[in-house]
Amino acid sequence: MYLPTAAADDEAGPVGPIDAGAGVQSTGVTSSNADPAAVQACSQFATALDSAASGYEGFADSLDANDPYVHQSNVAGRTTLRQSAAVAMDAANTPGLNPAIADPMRSWSFGATKLLVKMGIGMTGGSLDDTATQVNTNAEAVQRECAAAGTHA
C-alpha cells in the first residue's frame, strides 16, 4: 500500500512517502501456473491496500490543507485502516500461503494498526512518518512476493 504524502503539522514535514494507488493493482494479470493460495491472498490483500490508501489519503489531504474537518477525516482514515488491517491479516492466514507472502502481510497489518493508533492519539511528524514508511515497505515486500508467485497485490 502506498499512502499519500501529507504534512502532519507545519514543522513536522510529510507523513510518509505514501502514494495512494501508485503501484497498487487490485486486478491484474495472474500467470496460469500461479499458486492458488497466493492468488486468493494477494487479491484480498490488494483490496485491503486500495481501501487503506483511499481512507488514509482523505486524512493526509486534510492535514495538507489544514482542513477544519481534520477530525472527521481522521476517524474515516482510522476506520478504513482498521478494516484493511483485518482483511490483510485474514489474507495472511490463507491456508497453504507461502510464509514469504504471509509474513509481510502480517507485518503490514500490524503497521496499519500502529498507524491508526497514532492517528487516534493525534501523533504527527516523525513518528507518524516512520510508521507510514514501515507500512509502505511491507506493502512493497508483499507485492514483490505475490509477483514471484505469479500473481499481483
Side-chain angles (χ1 to χ4, degrees), residues 1-9 12-28 37-146 149 151-153:
M1 160 179 130
Y2 299 95
L3 301 174
T5 300
D9 64 36
V15 173
I18 301 172
D19 177 11
V24 176
Q25 186 174 328
S26 62
T27 60
V39 171
Q40 177 185 342
C42 293
S43 176
Q44 193 173 353
F45 186 77
T47 300
L49 289 180
D50 287 345
S51 176
S54 176
Y56 190 84
E57 180 178 26
F59 167 70
D61 287 348
S62 70
L63 289 175
D64 277 342
N66 294 314
D67 189 333
Y69 301 103
V70 69
H71 175 73
Q72 291 172 343
S73 62
N74 184 309
V75 171
R78 289 192 332 260
T79 299
T80 58
L81 280 172
R82 183 179 306 109
Q83 293 167 344
S84 296
V87 169
M89 189 61 74
D90 187 53
N93 292 328
T94 300
L97 185 62
N98 183 332
I101 299 171
D103 292 345
M105 280 184 183
R106 286 186 185 94
S107 294
W108 184 92
S109 179
F110 289 130
T113 301
K114 186 176 176 181
L115 188 61
L116 76 89
V117 168
K118 287 182 177 187
M119 290 167 61
I121 60 175
M123 291 184 84
T124 59
S127 180
L128 199 60
D129 293 349
D130 291 345
T131 302
T133 298
Q134 291 168 1
V135 169
N136 285 342
T137 299
N138 287 312
E140 291 167 3
V142 171
Q143 291 172 324
R144 276 192 306 275
E145 292 301 327
C146 287
T151 190
H152 61 87

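Counting begins at 1 with the first residue of the sequence.
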What pair of heavy atoms forms the shortest contact from Ala92 to Ala102, and how long is it?
O-CB, 3.4 Å
Heavy-atom pair of closest approach, residues Ala112 and Ala85:
CB-CB, 4.2 Å
Those residues at least two apart in sequence (or on a different chain) that pass salt bridge (charged side-chain N to carboxylate O under 4.0 Å, His left out) with Asp103 are Arg106
For Arg82, salt bridge (charged side-chain N to carboxylate O under 4.0 Å, His left out) partners two or more places apart
none
Nearest-0.5 Å distance, [atom1] of residue [X] to [atom2] of residue [Y]:
X: Phe110; Y: Asn138; atom1: CZ; atom2: CG; result: 11.0 Å
X: Thr113; Y: Leu81; atom1: OG1; atom2: CG; result: 8.0 Å
X: Asn136; Y: Gln143; atom1: CG; atom2: CD; result: 9.5 Å

Residue of the set Thr94, Val87, Val142 for which side chain to side chain contact (heavy atoms under 4.5 Å, CB included) holds with Phe45
Val142
Residues Trp108, Leu49; criterion side-chain contact (heavy atoms from CB on, under 4.5 Å); working and verdict
CA-CA 10 Å; Trp108 184 92; Leu49 289 180; 3.6 Å; yes
By side-chain contact (heavy atoms from CB on, under 4.5 Å), which residues pair with [X], not counting sequence neighbours?
X: Ser51; value: Thr80, Ser84
X: Ala38; value: Asp35, Cys42, Leu97, Ile101, Ala149, Thr151
X: Lys118; value: Lys114, Met123, Ser127, Leu128, Thr131
X: Ala100; value: Asn98, Glu145

Does the Ser109 side chain pair with the main chain of Met105, one donor and one acceptor, at a distance under 3.5 Å?
no
Only pairs at least two apart or in different chains count here, so list each salt bridge (Lys or Arg N to Asp or Glu O under 4.0 Å) that has a residue in residues 91-102.
none
Under the side-chain hydrogen bond (donor to acceptor under 3.5 Å, both in side chains) test, which residues partner Asp90, sequence neighbours left out?
Gln44
